[in-house]
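Have a look at the structure below before the remarks.
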Amino acid sequence: MSETPPVQRRPSGELEASVLAALWTAEVPLSPAEVQSALGGRLARTTVTTILSRLHDKGAVSRSRAGRGFVYSPIQDSAGLTARRMRSELDKQHDRGTALARFVSQLTREDEQLLRSLLEGAGDGPQGTPPAPGAAP
C-alpha cells in the first residue's frame, strides 16, 4: 500500500501576490476567469474569486460590475502596495520610534543611503516620490 505525499502548502500570501501580478500586468480590469487564465489555469476559478474578494476586502483591488459578475483592478502598483503594508504594520505599533529604529538598523548600507536621500528630498517630489535623477531642486 503506497502512501500519498502530504500536500505542500503555499507560503502565506503567495496566491494573493500571483493574482495581483496578473492584475498589474493587465491593462484593463479582469474577471476572475481572466485572472485564472492569466495564471495558466492552475487554480480553480472559485479559488481565484475568493482571493479577489479578499484582496477587495483588504483594499488592494477595486471591483466594478460587469454583467452578472465583477471585474477587478489593482488600486496601487507593487511599490505602493508595499508602502501601504509597511505603514499598516507601523500603525499597529505602540512604540513607533522603536519599530522604526529596528527597521532602519536592519537596512543594508545601500538602502540606508537611499532612505537618507529620500528623506532629504522629501517635499521635492509629488506625494513623497523622489525627484527624478538630474532634476533641478
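All figures in this text were calculated on a predicted structure; none of them were measured in a lab. Heavy atoms only: backbone and side chains are in, while hydrogens, waters and symmetry mates are out.
Between Thr49 and Val35, every side-chain heavy-atom pair lies at or beyond the 4.5 Å cut-off. Between Val61 and Phe70 there is no side-chain heavy-atom pair separated by less than 4.5 Å.
The distance from the NZ atom of Lys58 to the CD1 atom of Ile75 is 13.0 Å, given to the nearest 0.5 Å. The distance from the OG atom of Ser62 to the OH atom of Tyr72 is 10.0 Å, given to the nearest 0.5 Å. Taking CD of Gln113 as the start and CG of Leu107 as the end, the distance is 11.0 Å to the nearest 0.5 Å. In this structure, the separation between OG1 on Thr108 and CG on Leu115 is 10.5 Å, given to the nearest 0.5 Å. Here the NE2 atom belonging to His56 is positioned 8.5 Å from the OG atom belonging to Ser53, to the nearest 0.5 angstrom. Here the CZ-CE distance, from Phe103 to Met86, works out to 3.5 Å after rounding to the nearest 0.5 Å.
When all heavy atoms of Leu90 and Ala99 are compared, the pair lying nearest together is CD1-CB, 4.1 Å. Nearest heavy atom pair, residue Ser18 against residue Leu39, reads O-CD2, 3.5 Å. Counting all heavy atoms, side chain and backbone alike, Leu30 lies closest to Ala22 at CD1-O, 3.9 Å. Pairing each heavy atom of Val71 with each of Ala66, the nearest pair is CG1-CB, 3.7 Å. In this structure, Leu81 and Ala60 approach most closely via the heavy-atom pair CD1-CB, 4.2 Å. Across all non-hydrogen atoms, the minimal contact from Arg45 to Gln36 is N-NE2, 3.4 Å.
With sequence neighbours excluded, the residues forming a side-chain hydrogen bond (donor to acceptor under 3.5 Å, both in side chains) with Asp91 are Arg87, Arg96, listed by chain and number.
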Inset, instruction - Begin from the C-alpha positions of Leu23 and Leu52 and carry the test side-chain contact (heavy atoms from CB on, under 4.5 Å) through to its verdict. - result: CA-CA 10 Å; Leu23 292 173; Leu52 287 165; 3.9 Å; yes
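Not a single donor-acceptor pair under 3.5 Å links the side chain of Ser37 to the backbone N or O of Ala33. Looking only at distances, no side-chain donor or acceptor of Ser88 sits under 3.5 Å from a matching main-chain atom of Arg85.
Leu100 and Leu119 are assigned to two separate hydrophobic clusters, defined by single-linkage of ILVMFWY side chains at heavy-atom distances under 4.5 Å.
No salt bridge links Arg109 with Glu112; every basic N to acidic carboxylate O contact stays at or beyond 4.0 Å.
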